[in-house]
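Read through the structure below, which is laid out as structure tokens, and then see the notes.
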There are 2 protein chains.
Amino acid sequence: MLTPERHQMILELLKEKEVIRIQEITEATGASESTIRRDLSELEEQKLLQRVHGGASSLPRKMEESTFLERAMRNEKEKTAIAKYAAGLVNEHDSVYLDAGTTTYLMIPYLPQDNLVVVTNGVNIALELLKRNIKTILLGGELKARTWAVVGRDAVTTIGQYRFDKCFLGINGIDAEHGLTTPDPDEAHVKQLALRYSDEKYVLADSSKFSRITFAKVAELDGLHVITDEGLDDVQREAYQKKTKLKVVTV
Amino acid sequence: MLTPERHQMILELLKEKEVIRIQEITEATGASESTIRRDLSELEEQKLLQRVHGGASSLPRKMEESTFLERAMRNEKEKTAIAKYAAGLVNEHDSVYLDAGTTTYLMIPYLPQDNLVVVTNGVNIALELLKRNIKTILLGGELKARTWAVVGRDAVTTIGQYRFDKCFLGINGIDAEHGLTTPDPDEAHVKQLALRYSDEKYVLADSSKFSRITFAKVAELDGLHVITDEGLDDVQREAYQKKTKLKVVTV
DNA sequence: TTGATTTTGATTGAATTCGAAAAATAAACT
DNA sequence: AGTTTATTTTTCGAATTCAATCAAAATCAA
């Protein structure tokens with residue numbers, strides 16, 4: 001294993017764990033303790049991490065991505081598993097709607113690259129798609145500071161111009177009785193239209209979202225594919241399976 | 001196998017692997033270790049890769065801002081001066097259109113914060129406005145990779161929903177006879193509409209843009225305010241002053 | 001063809017990286 | 001405080017990798 005590979009791996013580990021001890025790195029890389037210590041010194045020199053007694057910790061990140069990636073961190077393992085599965089459902093020549101949100105954001109690395117058109121209302125999602133050279137159409141409208149989502153009259157008008165093979169929605173609350181709910185009525189409206197104009201409708205919801213109800217109703221559960229992780233108990237699982245096509249992915 | 005073939009092959013391998021060891025290259029090319037070392041030295045010289053102990057690694061390309069800030073760097077002093085002056089023209093309670101582009105991007109820090117609505121087709125501009133908590137409306141449409149600008153049918157539809165007190169356009173070419181021109185016809189179309197729907201029309205063009213003509217025509221010069229720097233000679237200055245309201249800012 | 005130039009592959013001593021052990025330092029405990 | 005344990009730094013030899021050199025092969029110019 002070459003030095004830059006090790007460095008990369010160490011930084012990857014730090015992204016997930018915030019702090020890491022030397023032993024974990026030696027096990028992951030197969031290199032000796034001495035080598036890892038040297039690596040850590042170099043990386044600290046380059047200001048890419050902070051050494052601490054027993055290992056290293058990641059530097060306090062600056063404003064930039066924090067709003068986004070921080071939220072993505074909650075249940076990241078589960079969300080990544082869900083996102084990976086969802087992205088696997090996308091084929092070449094599909095036209096796809098990707099809702100603004102963290103779980104849908106995580107789908108991007110796993111999407112097929114060619115002959116794909118993606119429509120989205122998430123600005124960060126659009127930029128990430130662009131990096132992968134995927135044809136991207138962004139909805140118009142007012143930009144929400146908290147979510148970097150485009151909503152409002154223009155978004156509604158623009159989305160009406162398209163029809164989708166598949167849409168993928170993140171959601172704040174999913175409940176057997178009250179269906180899908182989200183805190184912002186404007187965002188709810190856009191989600192509704194995405195569902196209406198889409199052939200196959202997928203909802204990505206890690207298990208923490210279940211039996212939660214928020215302000216604005218998006219849709220009933222009928223006819224939806226819901227992708228979630230293993231955190232649901234059997235009773236819940238059965239209840240939702242009656243209403244939707246539930247897919248449980250393993251982390 | 002000829003030298004350029006080998007070089008090409010090495011770069012191809014690096015695209016896929018991020019890092020590569022010498023042995024892998026010798027196996028793939030059939031050339032000797034010495035030859036590969038010479039190749040790597042040359043390629044490093046040309047800044048096409050980074051040598052590391054045991055092999056080579058691809059250069060850390062900084063996707064993020066590079067496209068933008070790099071271009072912003074050209075004539076940065078002049079552009080900033082122009083942007084600062086232009087931003088001073090914006091009052092509270094205005095509704096403003098900010099065209100995608102580097103000079104308009106530089107206006108953002110100097111805009112008034114309150115009771116302002118900004119419409120833009122530049123994704124990076126929208127994000128920057130958001131950081132300043134300025135109410136932002138983003139046009140919809142297809143996203144251009146090079147400029148991070150939204151263009152196309154949806155952009156045209158969306159912009160038609162608004163009327164502006166002032167619009168600020170960046171431009172690639174400005175010429176006394178051929179007017180404003182820009183390389184991309186789609187972007188030209190959006191600029192045309194911004195001008196049509198705007199009361200006061202401002203064009204931001206540092207002096208390098210003068211007497212330059214590119215592919216797609218945007219508009220004639222009549223009725224435009226042009227803001228530029230001191231780099232214009234007296235003859236040019238007089239010529240343009242006949243056609244437009246020319247404002248020269250000092251750096 | 002001949003001689004000059006360039007490219008290539010092998011060899012060698014120097015430099016580097018790595019792992020392990022020893023010495024030094026810091027934390028934890030009695 | 002004094003002892004023990006854990007962690008870090010330093011040191012050193014072995015293994016690998018590197019740069020330089022040189023001769024053979026291929027290419028080029030007349």
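Just so we're on the same page: letters track the sequence lines, and every chain starts at 1.
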Provide, to the nearest angstrom, the distance between the [atom1] atom belonging to [X] and the [atom2] atom belonging to [N].
X       : N      : atom1 : atom2 : answer
A:Arg37 : D:dT7  : CZ    : C1'   : 6 Å
A:Glu44 : D:dT9  : CD    : C1'   : 14 Å
B:Glu33 : C:dT12 : CD    : P     : 15 Å
A:Gln50 : D:dT8  : CD    : P     : 13 Å
B:Leu40 : D:dA20 : CG    : P     : 15 Å
A:Glu24 : D:dT7  : CD    : P     : 12 Å
A:Asp39 : C:dT17 : CG    : P     : 11 Å
B:Ile22 : D:dC18 : CD1   : C1'   : 8 Å

Assess, by modelled atom type and distance only, whether the side chains of [X] and [Y] contain a donor and an acceptor separated by less than 3.5 Å.
X        : Y        : result
A:Glu42  : A:Gln46  : no
B:Thr214 : B:Asn172 : no
B:Glu230 : B:Thr250 : no
B:Asp175 : B:Ser211 : no

Query raised in the report: How is A:Thr3 classified with respect to the nucleic acid when contacts are heavy atoms under 4.0 Å: base, sugar-phosphate, or nothing?
Result: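 Touches sugar-phosphate only.
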Requested in this report: Describe the nucleic acid contact of A:Arg6 in one word from base, sugar-phosphate, nothing, applying a heavy-atom distance below 4.0 Å.
Outcome: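 It contacts sugar-phosphate atoms only.
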Query raised in the report: Does B:Arg21 put a side-chain nitrogen or oxygen below 4.0 Å from OP1 or OP2 of D:dC18?
Result: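 No, outside the criterion.
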Report task. Determine whether the aromatic ring centres of A:Tyr240 and A:Phe210 lie less than 6.0 Å apart. Result -> yes
Report task. Measure from the side chain of A:Ser32, starting at C-beta and using heavy atoms only, and say which of C:dG19, C:dG9, D:dC18 lies closest. Result -> C:dG19
Query raised in the report: Considering only side-chain heavy atoms of A:His53, which listed nucleotide, D:dT8, C:dT8, C:dG19, is closest?
Result: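 The listed nucleotide nearest to A:His53's side chain is D:dT8.
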**Report entry** B:Leu2 or A:Met1, whichever maps to the more 5' nucleotide of DNA chain C
**Finding:**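 In this pair, the answer is B:Leu2.
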Report task. Look at the side chain of B:Ser34 and the base of C:dA10, then say whether one donor and one acceptor between them are separated by less than 3.5 Å. Result ->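 Result: at least one qualifying N/O pair found.
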Requested in this report: Between A:Val52 and A:Arg38, just flag the one whose closest nucleotide in DNA chain D comes earlier from the 5' side.
Outcome: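 Taking each residue's closest nucleotide, the earlier one in sequence belongs to A:Val52.
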